[in-house]
Amino acid sequence: MIVDPGSWSLAVVVTAFAGITTIIGWFGIKMTKTARDLAHNTGLGEALMGAVFIGASTSLSGITTSVSAAAAGYAELAVSNGLGGIAAQTVFLALADIAYKRANLEHAAASAENLFMSAFLLTLLSIHALALSFPTISFFAVHPATVIVIFAYIFGVHLLARMHHMPMWFPRKTADTASEPAGHRYRSRHLWRLWLQFIGYAAIVALAGWGLAQLAIPLGDKTGLSHSIVGGVFTAVSTSVPELVVAITAVRMGAPNLAVGDIIGGNAFDTLFIAASDLVYREGSIYAAISSAEQFWLANSMLMTCVLIMGLIYRERHGLGNIGLESVILLMLYFGGIATLFVSP
């Protein structure tokens, strides 16, 4: 028998929401610790491990939600879930910055990988922005930007891995710059055990995140909000909870590069939500079916990413309340964006 959360009372939905969030917290901590061990003992490094493996793993629930919504014909919900998730996860860096007491998080997590991934994320978002200039173009109901974004993501990950192994520049080291310990080169049997643990924890976190999204949809519907707000706020934040858990856990373990890499890598993967949704949306290009709210989330996500890039370059060591100025601006942009959507007609 299939259980429909939409038939549950508000109290039951909220209780289930809290229970699943606890599961994500528990296994998200375990996944983060395993990822840190893998990063140190495989030579991948925290930034690359966070950007590719953790970022993609924690985004599985979100892409499942967007694809399901697009296949059912809910284009606005599918796109706003992805773009709203990028904005939510970016502001999670500000929360992680608050939790990191040693220095400004962007100062401590200075690395070529994190800076490259931030610029790469802005590139992927720009492709979506260009697609909105010609939203009705499609071949077999698929916009050309969908194919471009998919290949661009694959090529970008290739460049990231190549840059990690052959870096051409390094950030200036300070007393507050996080350094990664040289890991013990474990035997392949031990590494396989770590990889299997990571995959198991990631699968549980992804399934739990998908469960949160299924609860967020009826939770939003009970309020009578539009699909754009439900997707951009309720499902976006719900499916992004794993990223928040990983980021907070990583900085508390003293692995800021892992935290920043997780958020930026997850955001880059989230740009694929629109591409995947366009592939299953059968009523033409999905860009032609979205509203101004999704365009707002796209613009706001691009602006927040620009602020993050400037923070990674400027590297303020200590700011107001021991967080960086960029963190304050990110908080203002995100919550100001939500307020704008709620009051706009």
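Here the side chain of Asp278 pairs no donor or acceptor atom with the backbone of Tyr287 at under 3.5 angstrom. A donor-acceptor pair under 3.5 Å is formed between the side chain of Ser285 and the backbone N or O of Pro135. Side-chain atoms of Asn300 never come within 3.5 Å of backbone atoms of Gly337 as a donor-acceptor pair (strictly under, hydrogens ignored). A donor-acceptor pair is defined here as one N or O able to donate and one able to accept, closer than 3.5 Å; no such pair exists between the side chain of His143 and the backbone of Ile286.
Annotation for Asp270 and Gly82: closest pair CB-O, 4.3 Å, computed over non-hydrogen atoms. The two residues Thr305 and Ser118 have their closest heavy-atom pair at CG2-O, 3.5 Å.
The structure places CZ of Phe92 at 6.5 Å from OH of Tyr334, a figure rounded to the nearest 0.5 Å. Rounded to the nearest 0.5 angstrom, Arg193 CZ and Asp37 CG are separated by 12.0 Å. Rounding to the nearest 0.5 Å places CD of Gln89 at 5.0 Å from CG of Asn267.
Side-chain contact check for Tyr314 and His107: no donor-acceptor pair (N or O, by modelled atom type) lies under 3.5 Å. At a cut-off of 3.5 Å, with distance as the only test, a side-chain donor of Ser291 or Glu294 sits close to an acceptor on the other residue. Donor-acceptor pairing under 3.5 Å is recorded for the side chains of Asn104 and Glu326. Judged purely by distance below 3.5 Å, without hydrogens or angles, the side chains of Glu76 and Tyr74 never pair a donor atom with an acceptor atom.
Under a cut-off of 6.0 angstrom, the local environment of CE in Met332 is sparse, with at most 12 non-hydrogen atoms contributed by other residues, nucleotides or ligands.
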